[in-house]
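Lettering follows sequence order; numbering is per chain, from 1.
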2 protein chains.
Amino acid sequence: MPGHDKQVFRADCASRPILDQIADKWSMLILAVLCAQPLRFNAIKRRLEGITQKALTQALRRLERNGIVARRVIPVSPVAVEYSVTPLGRTLQQPFAALYGWTVDHLPDIEQAQRDFDRRKNG
Amino acid sequence: MPGHDKQVFRADCASRPILDQIADKWSMLILAVLCAQPLRFNAIKRRLEGITQKALTQALRRLERNGIVARRVIPVSPVAVEYSVTPLGRTLQQPFAALYGWTVDHLPDIEQAQRDFDRRKNG
DNA sequence: CGGTATCCCACCTGATACTG
DNA sequence: CAGTATCAGGTGGGATACCG
């Protein structure tokens, strides 16, 4: 991290809570599905196997509050709500893809390291 | 994420737990401080304002298990333990730096979005 | 359909004490 | 120094029920 090696380690660094809210379990996956196309609440939920309604609601609110996704209410009956990625959110695609690509590329190494570690501990 | 748009959304995708364990609150900061130089336990703790001993211990174990950091016991008295970044861990620097750079670059946008959102909700 | 409200429990936290 | 152990207390998640 050339250039900002000092501030980020301070508890009051402004980027810390952002990093926490954006680099979490579900946000990356939500952004990925929405980047392909805008989707409605339950459409997102169906695509993200394992997410609960509560977790999805919370993650979407957080992303909306941070300007990453937009929420549009379509006044039909029953109500339809469409979520889409904002221009700001699109700029996150590159960093996220890099991180995801890393996990895929190094998955064998990591799993090997885990086996080694567990064997050392257990015998 | 060109090329792997399908698997990651499945609950049993192998990269999911890795992503969870690596893109968490403290791992990025720990890796950043250790990339500059190997450090002992309390040296890391002093640099990461706000982390508890327990949280640091857990994060280091997880990083060690995944082959990201190495733990070396130096048999002096009292015991010294030095943590360093492995070659595998070094390859994570680029993706992490990209993500951190993003938060710094877009911090004003995000804070503005937060103010707008909060004002809409509260009035 | 897209949520909110509620309950309950696992977990994380912080503080403190103890050990090799 | 570098942890582990323990306990109290608060937070968040899962399951369920209900609402516009």
Side-chain angles (χ1 to χ4, degrees), chain A residues 11-12 16-17 19-30 33-34 37-66 68-85 117-118 120-122, chain B residues 11-12 16-17 19-30 33-34 37-65 69-85 117-118 120-122:
Chain A
D12 60 354
R16 271 220 205 161
L19 221 45
D20 292 350
Q21 291 182 19
I22 276 173
D24 74 308
K25 187 179 171 68
W26 292 113
S27 294
M28 289 183 55
L29 295 173
I30 293 173
V33 297
L34 289 185
Q37 64 195 295
L39 287 174
R40 294 174 57 173
F41 186 87
N42 280 327
I44 303 173
K45 187 169 184 300
R46 274 188 297 273
R47 277 160 210 257
L48 296 183
E49 206 178 302
I51 197 170
T52 65
Q53 187 185 42
K54 191 177 182 176
L56 180 55
T57 301
Q58 288 170 345
L60 284 172
R61 287 291 166 280
R62 199 165 47 236
L63 290 170
E64 187 194 356
R65 178 168 185 267
N66 289 326
I68 310 295
V69 311
R71 180 180 186 270
R72 185 169 68 99
V73 178
I74 304 168
V76 294
S77 179
V79 187
V81 179
E82 189 191 72
Y83 292 91
S84 57
V85 180
F117 181 92
D118 294 343
R120 275 200 305 276
K121 290 214 70 169
N122 302 327
Chain B
D12 61 353
R16 270 222 205 159
L19 221 46
D20 292 351
Q21 290 181 21
I22 277 173
D24 75 308
K25 185 179 174 70
W26 292 113
S27 295
M28 290 184 55
L29 295 174
I30 293 173
V33 297
L34 289 185
Q37 64 195 294
L39 287 173
R40 296 173 57 172
F41 186 88
N42 280 327
I44 303 173
K45 187 170 184 300
R46 274 189 297 274
R47 277 159 209 258
L48 295 183
E49 207 177 301
I51 198 170
T52 65
Q53 187 186 41
K54 191 174 181 178
L56 179 55
T57 300
Q58 288 170 346
L60 284 172
R61 286 290 166 281
R62 200 166 44 238
L63 290 169
E64 187 193 357
R65 178 168 186 266
V69 310
R71 178 181 187 270
R72 184 169 69 100
V73 178
I74 305 168
V76 296
S77 179
V79 187
V81 179
E82 189 190 72
Y83 292 92
S84 58
V85 180
F117 181 91
D118 294 343
R120 275 201 303 278
K121 290 213 69 169
N122 301 327

Report summary line: salt bridge (Lys or Arg N to Asp or Glu O under 4.0 Å) filter on A/Arg62, not counting sequence neighbours, yields A/Asp24
Query - First of A/Lys54 and A/Leu60 reached from the 5' end of DNA chain C, by closest nucleotide - result: A/Leu60
Report summary line: Tightest non-hydrogen contact, residues B/Ile22 and B/Met28, listed as O-CG, 4.2 Å
Report task. Give a yes or no answer on whether the side chain of A/Ser27 reaches the backbone of A/Ala23 with a donor-acceptor pair at less than 3.5 Å. Result -> no
Report summary line: CG of B/Leu63 to CZ of B/Arg71, rounded to nearest 0.5 Å, is 13.5 Å
Query - Start and end of chain B contact along DNA chain C [non-hydrogen atoms, under 4.0 Å] - result: C/dT13 to C/dG14
Return all side-chain donor-acceptor pairs below 3.5 angstrom for residues 40-48 of chain A, not counting sequence neighbours, or 'none' if the list is empty.
none

Query raised in the report: Which heavy atom in B/Val73 sits nearest to a heavy atom in B/Pro75, and how many Å separate them?
Result: O-CD, 3.5 Å
Query raised in the report: Partners of A/Glu64 by side chain to side chain donor-acceptor pair (under 3.5 Å), sequence neighbours excluded?
Result: none
Query - Start and end of the DNA chain D segment that chain A contacts, any atom under 4.0 Å from a heavy atom - result: D/dG13 to D/dG14
Report task. Please step through side-chain contact (heavy atoms from CB on, under 4.5 Å) for the pair A/Leu29 and A/Val33, ending with a clear verdict. Result -> CA-CA 6 Å; A/Leu29 295 173; A/Val33 297; 5.8 Å; no
**Report entry** Close approaches to DNA chain C from residues 40-53 of chain A, in residue order (heavy atom, under 4.0 Å)
**Finding:** A/Arg40, A/Phe41, A/Asn42, A/Gln53
Query raised in the report: Who are the side chain to side chain contact (heavy atoms under 4.5 Å, CB included) partners of B/Arg72, not counting sequence neighbours?
Result: B/Ile74, B/Glu82
**Report entry** DNA chain D contacts among residues 72-81 of chain B, heavy-atom distance under 4.0 Å
**Finding:** B/Pro78, B/Val79, B/Val81
Query raised in the report: Just how far is it from atom CZ of B/Arg61 to atom CG of B/Leu56, taken to the nearest 0.5 Å?
Result: 9.0 Å
Report summary line: When rounded to the nearest 0.5 Å, the distance separating NZ of B/Lys121 from CZ of A/Arg65 is 10.0 Å
Requested in this report: For A/Arg16 and B/Trp26, work out which heavy atoms get closest and say how close.
Outcome: NH1-CH2, 3.4 Å
Query raised in the report: So what is the end-to-end bend of the helix from C/dC1-D/dG20 to C/dG20-D/dC1, with 5 pairs used at each end and the value given to 10 degrees?
Result: 50°
Query raised in the report: Minimum heavy-atom separation for A/Tyr83 to A/Leu34, with atom names?
Result: O-CD2, 3.6 Å
